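Report on the structure given below.
Proteins get letters first, then strands, A, B, ... in listed order; numbering begins at 1 in each. Because the structure is predicted, anything quoted here is derived from the model rather than measured.
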Amino acid sequence: MSYSTFNRKRFDSLKEPMFFGENVNVARYDQQKHPIFEKLIEKQLSFFWRPEEVDLSTDRKDFQKLEQHEQHIFLSNLKYQTLLDSIQGRSPNVALLPIVSLPELETWIETWSFSETIHSRSYTHIIRNIVNDPSVIFDDITVNAEITKRADSVSKWYDDLIELVNLYNTLGLGTHLVPGKGEVTVSMPILKRALYLTLVSVNVLEAIRFYVSFACSFSFAERTLMEGNAKIIRLIARDEALHLSGTQHIINLMNSGKDDPEMADIAQACEKEVYQIFMEAAEQEKEWASYLFKDGTMIGLNAEILSQYVEYITNIRMQAIGLDPVFPTKQNPIPWINAWLVSDNVQVAPQEAEISSYLVGQIDNDLDDSDFDDFDL
Amino acid sequence: MKTQSSTTSKLLHRVLLNGEEIIVSEDEPLLTQLERAGIQIEYQCREGFCSSCSLKLLRGNVAYPVEPMAWVQSGYLLACCAIVKSDIEIAFFVE
């Protein structure tokens, strides 16, 4: 079947599955098969923010004062986050829009992906503020071995799905001879399996891979350094928490078989691979922590503590989609991070926020009599 | 004449967690009451969408004044928005 941007068939979209049913035709939100996606859209829209609203002028000075190994930690995390959001700013659209069958889910995917483009724009805003030539940072993303290793494991699931869906939309189901690849079989179970594993990998990306960077950013801010950056990261973390809720819903709906009974069988059949995706990502993030701290640690953070946190957060995320936690770490080794991750006091205007460098009504006790010399009543 | 203007509920319940017992009321969500008792619970959004504060509900009942956005697995509760409605037993992770 080929994709149609306006499907002329008459059908009841409330009876369609989330994916691989009819292409969506009318974008209507008065009725929903899964109202959760409408709620996610509303929430995401209420979260809208612009990077330029966050003042980073102090961060520039802070960055110049950082030790060299701390600059390495800061910049490496920025590069990794830039990579992750470059992928997330386009891939949900490219991979999922051609196969989605519910209007509310279609719009959630677009809203979700759009918010990732805001994150990408915020990295440009941060990088422009701290270095004179942003190209030095951006150009390294495609050549740095530590980053590209991660790019491969994040993008391969999307790329496999996109390739299969392209074949499905041009040639249909069956076995096709693909130049350079040989025979490729496209069947509904194969497509659904590729979709399910992609969603798991996206869930891992948004729910685990970002968190090492978050921890480092907040650790700087705990020392009142790079606070503008931390403010942006808090906004990003709030968005990511919503996105992971979206993927958890899609995955749990699939697992339950309520949306598409065949999807529940597929989910069960690839359970082993799902565990592998989670464990591989956790191992990679632990390696990443070692790379970050290769030249020195930060106050309150080192590779070992961060690795424990990766294990802990992986356990939490696994449990959220009905998997058994696999790691021994059952307590958060950096509980202070939650006060930074909490969404309810994320605000953009500096006078409203709890940024320690913006304190109103402070008392300066460092005065002597000469300070009152030009003071007349 | 009665001068007491308190509208707080008198309903108290026992929460059993790792062998420790905490008394909670129906006035506030479980998370804030556990924190006040000095128990560290994972959280992020504190408004029911991120599922970080999901805890295993081994026994008893909880209710949600507003349905949370997060998917709540069967046999689990969301501490940030769950109101305890009976004596309950909870755990951090499935053992």
Side-chain angles (χ1 to χ4, degrees), chain A residues 34-40 42-44 47 206-207 211 214 234 237-253 255-256 309 312-313 315-346, chain B residues 15-20 22 27-60 62 64-83 88-95:
Chain A
H34 298 303
I36 180 61
F37 298 113
E38 178 68 9
K39 289 182 190 158
L40 287 165
E42 290 287 346
K43 197 81 178 165
Q44 184 68 69
F47 284 173
E206 301 193 308
Y211 280 74
F214 290 169
R234 293 186 78 182
R238 180 179 66 173
D239 288 340
E240 293 305 336
L242 193 67
H243 303 166
L244 78 88
S245 178
T247 31
Q248 283 171 355
H249 270 282
I250 299 172
I251 291 169
N252 283 320
L253 278 167
N255 292 349
S256 73
Y309 181 62
Y312 172 75
I313 203 87
N315 281 344
I316 298 259
R317 304 315 189 200
M318 293 182 85
Q319 196 163 266
I321 57 164
L323 303 171
D324 294 329
V326 288
F327 292 108
T329 312
K330 302 281 164 73
Q331 282 285 319
N332 188 347
I334 47 169
W336 53 263
I337 195 175
N338 292 336
W340 289 96
L341 288 169
V342 69
S343 318
D344 61 2
N345 56 356
V346 177
Chain B
V15 177
L16 192 62
L17 171 64
N18 290 340
E20 195 180 337
I22 306 109
D27 299 331
E28 283 179 297
L30 178 60
L31 177 62
T32 44
Q33 301 193 65
L34 290 179
E35 285 174 333
R36 214 175 293 132
I39 296 163
Q40 180 199 313
I41 305 283
E42 185 64 19
Y43 67 84
Q44 183 168 344
C45 74
R46 296 184 85 96
E47 53 175 314
F49 66 80
C50 79
S51 79
S52 297
C53 62
S54 176
L55 296 171
K56 183 85 183 150
L57 177 62
L58 302 167
R59 182 169 56 84
V62 297
Y64 299 96
V66 179
E67 195 196 340
M69 273 176 76
W71 180 288
V72 185
Q73 299 281 355
S74 150
Y76 284 80
L77 60 79
L78 270 194
C80 74
C81 45
I83 300 292
I88 62 169
E89 186 175 355
I90 55 174
F92 286 114
F93 286 102
V94 197
E95 296 298 338

Relative to chain A, which segment of B:Leu78 carries a heavy atom at a distance below 4.5 Å: side chain, backbone, both, or neither? neither
Quick one: closest heavy-atom pair of B:Ala79 and B:Pro29, and the distance? O-CB, 3.8 Å
For B:Tyr64 and B:Leu77 the tightest heavy-atom approach is OH-CA, 3.3 Å
Does a sphere of radius 6.0 Å around CD in B:Glu35 hold more than 12 heavy atoms from other residues, nucleotides or ligands, not counting ones at 6.0 Å or beyond? yes
Most heavy-atom pairs under 4.5 Å with chain A, out of B:Ala70, B:Gly75, B:Ser74, belong to B:Ala70
Check whether A:Leu244 gets within reach of chain B through its side chain, its backbone, both or neither, counting any heavy atom under 4.5 Å. side chain
Okay, A:Ile313 and chain B: the region with an atom under 4.5 Å from a heavy atom over there is side chain
Can you tell me which portion of A:Ala237 sits under 4.5 Å from chain B's heavy atoms? Options are side chain, backbone, both or neither. both
Does the side chain of A:Gln248 pick up a donor-acceptor pair with the side chain of B:Ser51 at under 3.5 Å? yes
Ring geometry between A:Phe47 and B:Phe49 (parallel below 30°, tilted from 30 to 60°, perpendicular above 60°): tilted
Could you tell me which portion of B:Gln73 (side chain, backbone, both or neither) has an atom closer than 4.5 angstrom to a non-hydrogen atom of chain A? side chain
